[in-house]
Every structure is written in structure tokens, then in C-alpha cells.
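In what follows, residues are counted from 1 in the order of the sequence shown. Just so you know, these numbers use all the heavy atoms, side chains as well, and skip hydrogens, waters and symmetry mates. This one's a predicted model, so the numbers in the text were calculated from it and none came from an experiment.
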Amino acid sequence: MSIAQFGFRHTKAIALLVALLGVLGVWSYLTMPASIFPNMSFARIDVVVDAGDLPPDQVRLQITAPLTRAFLGLPSVNNVTSTSAQGNAELLVDFAQGTDPRFDLQYVNQAISQNRSVMPAFADAQSMVVTPTSEVVIAYALRSNNLSQTVLHELALQTLVPQFYGIPGLGRIAVMGGPEREYHV
């Protein structure tokens, strides 16, 4: 028996099956949540520490190393990945899957508070749960043959950033890099 013969013999059953699948498809379309960025939570906390003009090796010794040791001692931590740069440290703390990101964030903030005395007083640490909307969507780099990085940084803060404010759907604008202007007296 061929598929065509089977289809001709059981037309009512096939029509019923197609109708049932169509109804289930419409029902699932109407009841399933949908968004551009669905609510997802990862077992990952991102910690960014602004350390002013501290050189990378000092950032690593005074900020990154103590925080890494503190984070590795937290419950359910699988891995800590860190990056040290001029005046900046970023640490990604990966927790075991299934943990509550809110509690993970509290653990990380407690570890940062406990290590404040070891870090430089001017170091500013910010931590947040990694979500699809927290990552950078687009980044621009400014460079010039005539202007210094300091002047480009000031130009971006004073001219470009105000132009972006008020755009619907824009979450956050950050200017990274370029030292601040210094005066030697």
C-alpha cells in the first residue's frame, strides 16, 4: 500500500489530525511568552572595578588578585575569569547552574565589601548579573592623528554622549579609555 492509497482511505482521520495540530499551534502561539530579549538569567556575575590611573600590574596585585581569591571561596563558584588593564579590572564569576542569581550577586557584593580594606580607597567596584540586555550591543572607537586620547575622551563626554541621550530603547552609554586631563604644578 502506498502513502497515497493510505491517505485516500483515511481522509477523515488525517483531516482531524491536521485540524487538531492547527488548533494546538494557534493555542501555543497565543500562550507562549515572546520578546526580543527573553527573561533569562545566567549563573554569572560581572564585576567591574574602576581604579583611576593605576597601572595594570598594580591593578592585578591590589584589586584583581584579592577579589579573585575572595570569589573562589564563595559557595557554588565554578570559575573566576579576570582581566586587568590600566585603571580597570573586570572579573566574571561563574556559579553552578541552578543557583539563584540574586543570591549570587549578594555573595559577590559581600566579598567585595570584605576586601575593601585591601583595595585602594579610590577603587570603585560595581557588580551586576549578566543578562542578554547587559552586554554591549555596539561600541565605537575614536582615534585621531591630530588630537590626543585625553582630548578625544573629553570630546566624547561633552559632545557625543549628550547626543545619544533620549533615544528610545537605549539602555546605557559609557565612555571607556582615554586618560583624564592632568595639570602638573
Under 3.5 Å, side chain of Thr159 to main-chain N/O of Ala156, donor-acceptor pair present?
no
Ignoring hydrogens, what is the shortest heavy-atom contact between Ser84 and Pro56? Give both atom names and the distance.
CB-O, 4.0 Å
Where do Leu142 and Leu152 come nearest, in terms of heavy atoms and distance?
O-CD1, 3.8 Å
Hydrophobic clusters here meaning ILVMFWY residues chained together by side-chain heavy-atom distances under 4.5 Å, can you tell me if Val77 and Val48 are in one?
no
Same cluster for Leu72 and Leu74 if Ile/Leu/Val/Met/Phe/Trp/Tyr side chains link at under 4.5 Å?
yes
Give a yes or no on whether Phe95 and Leu105 share a hydrophobic cluster (residues Ile, Leu, Val, Met, Phe, Trp, Tyr; joining criterion: side-chain heavy atoms under 4.5 Å apart).
yes
Any side-chain to backbone donor/acceptor pair from Arg60 onto Ala89? Under 3.5 Å, distance only.
no
Consider only side-chain heavy atoms of I, L, V, M, F, W and Y, link residues closer than 4.5 Å, and tell whether Ile112 and Phe122 are in one cluster.
yes
With rounding to the nearest 0.5 Å, note down the distance linking CD1 in Ile63 to CD in Gln58.
9.5 Å
Over all atoms of both residues, closest heavy-atom pair of Arg116 and Ala123
NH1-O, 3.3 Å
For the student: nearest non-hydrogen atoms of Pro162 and Leu157, plus distance:
CD-O, 3.5 Å
How about Arg69 and Asn115: do any of their side-chain heavy atoms sit closer than 4.5 Å?
no
Side chain to side chain donor-acceptor pair (under 3.5 Å), that's the test. Do Ser76 and Thr99 meet it? Break it down for me.
CA-CA 8 Å; Ser76 302; Thr99 60; 5.9 Å; no
Got a second to check how far Thr68's OG1 is from Asn79's CG, nearest 0.5 Å?
10.0 Å
Between the main-chain N or O of Ser2 and the side-chain N or O of Gln5, is there a donor-acceptor pair closer than 3.5 Å?
yes
Give the cluster check for Leu30 versus Met32: same hydrophobic cluster or not, with ILVMFWY residues linked at side-chain heavy-atom distances below 4.5 Å.
no
Interatomic distance, Gln106 atom CD to Asp100 atom CG [nearest 0.5 angstrom]:
8.5 Å
Taking the side chain as C-beta and beyond, is there a heavy-atom pair between Asn88 and Val59 under 4.5 Å?
no
Other residues, nucleotides and ligands only: do more than 12 of their heavy atoms fall within 6.0 Å of CG on Leu24?
yes
With Val80 as partner, the option from Thr64, Leu92, Val93 fulfilling side-chain contact (heavy atoms from CB on, under 4.5 Å) is Val93
Has the side chain of Gln126 got a donor or acceptor atom that lies under 3.5 Å from a matching backbone atom of Val49?
no
The reported gap from CZ in Arg9 to CD1 in Ile14 (rounded to nearest 0.5 angstrom) is 12.0 Å
Looking at Leu61 and Pro66, what are the two nearest heavy atoms and their distance?
O-CD, 3.4 Å
Step by step, would you call Gln158 with Glu154 a side chain to side chain donor-acceptor pair (under 3.5 Å)?
CA-CA 6 Å; Gln158 296 170 2; Glu154 291 174 356; 5.1 Å; no
Do Tyr107 and Ile45 have side-chain heavy atoms sitting under 4.5 Å apart?
no
